[in-house]
Structures are given as C-alpha cells and as structure tokens.
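A short write-up of the structure that comes next.
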Amino acid sequence: MSYDNNNIFAKILRGEIPCFKVYEDDDTLAFMDIMPQADGHALVIPKHPAVTLLELPADKAAKTLQTVQKVMAAQKSELGAKGVVLMQLNGEAAGQTVPHLHFHLIPAHVSELKRHAGEQGDMDKIKALAEKIRAAL
Ligand code: 5GP
C-alpha cells in the first residue's frame, strides 16, 4: 500500500499539528490518542513511513516494540493500570482509520473499551495523563 505523506500522523511527526507527546527517540514517537477508548490511551508509532506492519522493516519493528514496552510500563507505574490492551489495526478492512502504522496501548479491560475513534476526549484530562506518563520516561 502506498504511503500518504499528508496523513495526520505524518503531520504530527513533522510537527505540523500538535500532540500530547509522552516519548520520542530517533525511531519512534509516543503520544496520547485524542479519542481515547479508556483513560490513558496512548499511541506508539515508528517514524518509518509504513501504513501497516507488513511494510515495517524488522529492525524498526523491534525499536517500535521497545517503545511500546516503555510506554506500557509507564502506564502501569504512573497510572496504576493493572492491564493494558495492545491493539494494532492493519488496513481499512480491519478498521484502520489513520494510514500510518500505530500501536494502541489502552489501559483497560478489553470488555470496557469505548467505541474506536468514537468521540473526542477531555483535552485537559488527556494532557494531565500525558504528563504523568511522560514523567516516567
Ligand atoms: P486506527 O483506526 O487507525 O487504528 O486508529 C487511529 C487512532 O488515531 C484513533 O484511535 C483516533 O482516535 C486517533 N486519532 C485520530 N486523529 C487524531 C489526531 O489528530 N491526534 C491524535 N493524537 N489521535 C488521533
């Protein structure tokens, strides 16, 4: 699948639109989802321009999973999350709405998730949760 340089996460990576960042390194960025399916819902993305997991080179996939582990550990230690749902949608047919590969880290029970990309969350609350996660990273 060809990569659209103007997708919303490409714009976030270029700093053209803002995000509540929790972590960044040379290969990855982690930030809060603005339509959270539970409090503390974060996203981890590779900087590599991949639409789905199939387009991500294995070394970049390893780096991305390392960031997933870091953010998940922070959600557990800083937000008191007892469990974290890790979700990753590949292709529109699976429900993917943003065509830049991303991992959802949702600190909740899978049966309690709000609707996917349903409604915008409370920005003050999201900002406060981002600050807590970022503090551990
Ligand atoms: P997907 O459906 O592609 O798996 O997930 C895309 C996610 O991106 C959704 O959970 C949605 O709430 C989130 N999202 C959509 N637009 C934005 C945005 O502008 N900023 C942030 N931080 N998240 C977004």
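When a residue number appears, it is its place in the shown sequence, counting from 1. Both counts, for ligands and for their atoms, begin at 1 and track the order of listing.
- Here the side chain of K47 pairs a donor or acceptor atom with the backbone of D25 at under 3.5 angstrom.
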Which N/O atoms of ligand 1 sit under 3.5 Å from a protein N/O, and at what distances?
| unit_1 | atom_1 | unit_2 | atom_2 | d |
| --- | --- | --- | --- | --- |
| ligand 1 | 2 (O) | G95 | O | 3.3 |
| ligand 1 | 2 (O) | T97 | N | 2.9 |
| ligand 1 | 2 (O) | T97 | OG1 | 2.6 |
| ligand 1 | 2 (O) | H116 | NE2 | 2.5 |
| ligand 1 | 3 (O) | T97 | N | 2.8 |
| ligand 1 | 3 (O) | T97 | OG1 | 3.3 |
| ligand 1 | 3 (O) | V98 | N | 2.9 |
| ligand 1 | 3 (O) | H102 | NE2 | 2.8 |
| ligand 1 | 4 (O) | H102 | NE2 | 2.9 |
| ligand 1 | 4 (O) | H104 | NE2 | 2.9 |
| ligand 1 | 5 (O) | H102 | NE2 | 2.9 |
| ligand 1 | 5 (O) | H104 | NE2 | 3.3 |
| ligand 1 | 10 (O) | D33 | OD1 | 3.4 |
| ligand 1 | 10 (O) | D33 | OD2 | 2.5 |
| ligand 1 | 12 (O) | D33 | OD1 | 2.5 |
| ligand 1 | 12 (O) | D33 | OD2 | 3.4 |
| ligand 1 | 22 (N) | M32 | O | 2.8 |

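- For H48 (side chain) and A50 (main-chain N/O), no donor-acceptor pair under 3.5 Å exists by modelled atom type.
- Although no hydrogens or angles enter the test, the distance criterion places a donor-acceptor pair under 3.5 Å between the side chain of N90 and the main chain of L53.
- A donor-acceptor pair under 3.5 Å links the side-chain atoms of Q96 to the main chain of V51, judged by distance alone.
- Proximity of H41 to I126: side-chain heavy atoms (C-beta onward) are nowhere separated by under 4.5 Å.
- Taking Ile, Leu, Val, Met, Phe, Trp and Tyr as members and joining any whose side-chain heavy atoms lie under 4.5 Å apart, directly or through other members, the hydrophobic cluster of V98 also contains I8, F9, I12, L13, I17, L29, F31, L43, I45.
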